[in-house]
Amino acid sequence: MSRANHVLTLSCINRPGIVSAVSTYLFETGCNINQAHQFDDTETGRFFMRVVFDRVASEPSQSALEDGFQTIANRFGMDWRMSDPAARRRVMILVSKFDHCLADLLYRWRIEELPMDIAAIVANHPRDTYAHHDFDGIPFHYLPVTRDTKLEQEHALWELVQSTESDVVVLARYMQVLSEGLAAKLAGRCINIHHSFLPGFKGAKPYHQAHARGVKVIGATAHYVTGDLDEGPIIAQDVERVTHADFPEDLIRKGRDIERRVLARALSYHLEDRVILNGRKTVVFDT
């Protein structure tokens, strides 16, 4: 008998009976739990849960499951989401001159490692900057920006997000700071890759700063964008060891590799509903 997979994520104030209520509801509606992960944050008193389940095809539709679950969500004051992994999210990619993260995301998209639809590629550099890339029919939008046109450009960018029905916006080394207003509109669905292991070495030429300090590890950080520059909830990080023999150019080369894999990992976590916001932090239910 055919089955449909679904993912339920939730968070609420911790109290007895949450797991029992969720599992009982899924059982009574003809669903079978395949994976279940949970976390009790003793510092904040909040409870987090991710459940992967399937349902017999003759059982209620997802909309019916959601309607029925609302009663439980109300009882426990849950922030929750029920999704169908087969429903691909629409992702908009923003890029500037550095295109290594863009190239990596395009490759992972083509081989179906990242189950998404690319709604558009938006850049503040013209198309010929990326002439060596095959965008494979993906709409490309050139939105140049200066200090005097930044608000106008952001207005056009927001209109594109809406018109393309983009679910997620990825800053793939997009070297422009989003305004507080636009960051608020994209809260919880805009992912940035930062070229250092935050917090530290902020501003221009982070690898040169790291080299000047004689660091032994470099890294990258993927986080949700907020109005506070580079202070959003962190989704994924990674590091690589370096030595006294490495020059800034070596750090940049190694850093590109870290940035690619960290951004792809963070986007994958988001697409698979593995990330739940926890104030200024995140809970990430990894595989």
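Remember, it's a predicted structure, so these values are computed and weren't measured experimentally. Values reported hereafter were calculated over all heavy atoms of this structure, with side chains retained and with hydrogens, waters and symmetry mates removed.
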### Query
How many angstroms lie between atom CG of Leu106 and atom CD1 of Ile138, to the nearest 0.5 angstrom?
5.0 Å
### Message
Quick check on the 6.0 Å ring-centre criterion: do His270 and Tyr224 meet it?
### Response
yes
#### Entry: Met92 versus Leu157, closest heavy-atom pair with distance
SD-CD1, 4.0 Å
Please report, to 0.1 Å, the donor-acceptor pairs under 3.5 Å made by any side chain of residues 117-129, with sequence neighbours excluded.
unit_1: Asp117; atom_1: OD1; unit_2: Arg88; atom_2: NE; d: 2.9
unit_1: Asn124; atom_1: OD1; unit_2: Ser96; atom_2: OG; d: 2.9
unit_1: Arg127; atom_1: NH1; unit_2: Tyr130; atom_2: O; d: 2.7
unit_1: Arg127; atom_1: NH2; unit_2: His133; atom_2: O; d: 3.1
unit_1: Thr129; atom_1: OG1; unit_2: Pro126; atom_2: O; d: 3.0

### Message
Looking at Ala245, is its backbone amide N or carbonyl O close enough to the side chain of Thr243 to form a donor-acceptor pair, meaning the two atoms are under 3.5 Å apart?
### Response
yes
### Message
Given 3.5 Å as the limit, does a donor-acceptor pair link the side chain of Ser23 with the main chain of Ser20, or not?
### Response
yes
### Query
Does the side-chain contact (heavy atoms from CB on, under 4.5 Å) test come out yes or no for Ile218 and Ile258, once each step is laid out?
CA-CA 9 Å; Ile218 59 172; Ile258 308 173; 3.8 Å; yes
### Task
Would you mind listing the cluster partners of Val7? Hydrophobic ones only (ILVMFWY), side-chain contacts under 4.5 Å, chaining allowed.
Val52
### Task
Find out whether Val91 and Trp109 are in side-chain contact, i.e. whether some heavy atom of one side chain is under 4.5 Å from a heavy atom of the other.
no
### Task
Flag the pair Pro233 / Thr226 as yes when at least one side-chain heavy-atom distance between them is below 4.5 Å, and no otherwise.
yes
### Query
Judged by atom type as modelled, is there a donor-acceptor pair below 3.5 Å linking the side chain of Ser268 to the main-chain atoms of Ala264?
no
### Query
Any salt bridge (Lys or Arg N to Asp or Glu O under 4.0 Å) pairs touching residues 154-179, not counting sequence neighbours?
Lys150-Glu154, Arg173-Glu259
### Query
Can you say whether the rings of His194 and His223 are parallel (under 30°), tilted (30 to 60°) or perpendicular (over 60°)?
tilted
### Query
Val225 and Leu160: same hydrophobic cluster, using ILVMFWY side-chain contacts below 4.5 Å?
yes
### Task
Evaluate side-chain hydrogen bond (donor to acceptor under 3.5 Å, both in side chains) for His37 paired with Asp286, printing each intermediate quantity in order.
CA-CA 9 Å; His37 298 89; Asp286 197 353; over 6 Å; no
### Hphob cluster co-occupancy, Ile18 + Leu8, side-chain heavy atoms under 4.5 angstrom
yes
### Message
Taking the side chain as everything from C-beta on, heavy atoms only, tell me whether Val169 gets closer than 4.5 Å to Tyr174.
### Response
no
### Summary
Minimal heavy-atom distance between Glu113 and Pro115, with the atoms involved, is O-CD, 3.5 Å
#### Entry: Student check: side-chain heavy atoms of Cys31 and Asp54 closer than 4.5 Å
no
### Task
For Leu277 and Phe48, work out which heavy atoms get closest and say how close.
O-CE2, 3.6 Å
### Query
Checking salt bridge (charged side-chain N to carboxylate O under 4.0 Å, His left out) for the pair Arg265/Asp238: CA distance, chi angles, key distance, verdict?
CA-CA 10 Å; Arg265 187 183 308 152; Asp238 205 350; 3.4 Å; yes
### Task
Using the side-chain contact (heavy atoms from CB on, under 4.5 Å) rule, take Met49 and Val19 through it: C-alpha gap first, then chi angles, then the decisive distance, then the call.
CA-CA 9 Å; Met49 191 174 189; Val19 175; 4.2 Å; yes
### Message
What verdict does the side-chain contact (heavy atoms from CB on, under 4.5 Å) test give for Gln70 and Trp80, after you've listed the backbone C-alpha separation in whole Å, the side-chain angles of each residue and the deciding distance to 0.1 Å?
### Response
CA-CA 9 Å; Gln70 187 63 57; Trp80 66 285; 3.2 Å; yes
### Query
Are Leu186 and Leu271 co-members of a hydrophobic cluster defined by side-chain heavy atoms under 4.5 Å apart?
no
### Message
Using the ring-ring contact (aromatic ring centres under 6.0 Å, His included) criterion, which residues pair with Phe47? Sequence neighbours excluded.
### Response
none
### Contact check, side chains of His6 and Glu66, non-hydrogen atoms, under 4.5 Å
no
### Query
Quick check: are there more than 12 heavy atoms from other residues, nucleotides or ligands sitting under 6.0 Å from CZ of Phe247?
no
### Message
When you compare the side chain of Ser83 with that of Arg89, does any pair of heavy atoms fall below 4.5 Å?
### Response
yes
### Message
Do Asn34 and Val51 have side chains that approach each other closer than 4.5 Å (heavy atoms only, starting at C-beta)?
### Response
no
### Query
How many angstroms lie between OG1 in Thr282 and CD1 in Ile235, if you round to the nearest 0.5 Å?
6.5 Å
### Shortest non-hydrogen contact from Cys190 toward Leu178
SG-CD1, 4.0 Å
### Summary
In short, Ala236 meets Tyr269 closest at the heavy-atom pair CB-CE1, 4.5 Å
### Message
Please report the interatomic distance OG(Ser179) to CD(Gln153), rounded to the nearest 0.5 Å.
### Response
10.0 Å
### Query
Hey, what do you get for CD (Glu249) to CG (Asp246), rounding to the nearest 0.5 Å?
10.5 Å
### Message
Using the rule given for side-chain contact (heavy atoms from CB on, under 4.5 Å), can you reason through Leu263 versus Arg260, listing the C-alpha separation, both sets of side-chain angles and the distance that settles it, and then say yes or no?
### Response
CA-CA 5 Å; Leu263 180 59; Arg260 283 192 288 253; over 6 Å; no
### Query
Who pairs with Phe135 by ring-ring contact (aromatic ring centres under 6.0 Å, His included), at least two apart in sequence or on another chain?
Phe140
### Task
Determine which pairs satisfy salt bridge (Lys or Arg N to Asp or Glu O under 4.0 Å) with at least one residue from residues 71-83, sequence neighbours left out, and list them in order.
Arg46-Asp79, Arg81-Asp273
### Hphob cluster co-occupancy, Leu267 + Phe285, side-chain heavy atoms under 4.5 angstrom
no
### Query
Hey, are Lys254 and Asp250 close enough for a salt bridge, meaning a charged N less than 4.0 Å from a carboxylate O?
no
### Summary
Interatomic distance, CG@Leu143 vs NE2@His155, rounded to 0.5 Å, equals 11.5 Å
#### Entry: Polar contact flag, side-chain donor to acceptor under 3.5 angstrom, Thr44-Asp41
yes
### Message
Working to the nearest 0.5 angstrom, can you tell me the gap between Tyr25 OH and Phe53 CZ?
### Response
8.0 Å
### Message
If you count heavy atoms of other groups shown closer than 6.0 angstrom to CD of Glu152, is the number above 12?
### Response
no
### Message
Hydrophobic cluster membership, with links at side-chain heavy-atom distances under 4.5 Å among I/L/V/M/F/W/Y: are Val284 and Leu114 in one?
### Response
yes
### Query
Are there more than 12 heavy atoms of other residues, nucleotides or ligands under 6.0 Å from atom CD1 of Ile33?
yes
### Message
Just by distance, no angles: are the side chains of Asp257 and His100 close enough, under 3.5 Å, to form a donor-acceptor pair?
### Response
no
### Query
Do other residues, nucleotides or ligands put more than 12 heavy atoms under 6.0 Å from Glu240 CD?
yes
### Message
Looking at Arg50 and Gln38, would you say the former's side chain and the latter's main chain have a donor-acceptor pair under 3.5 Å?
### Response
no
### Query
Taking C-beta and beyond as the side chain, do Leu171 and Ile93 meet within less than 4.5 Å on heavy atoms?
no
## Note on the structure
Correct closest heavy-atom pair for Val262 and Thr221 would be CG1-C, 4.2 Å
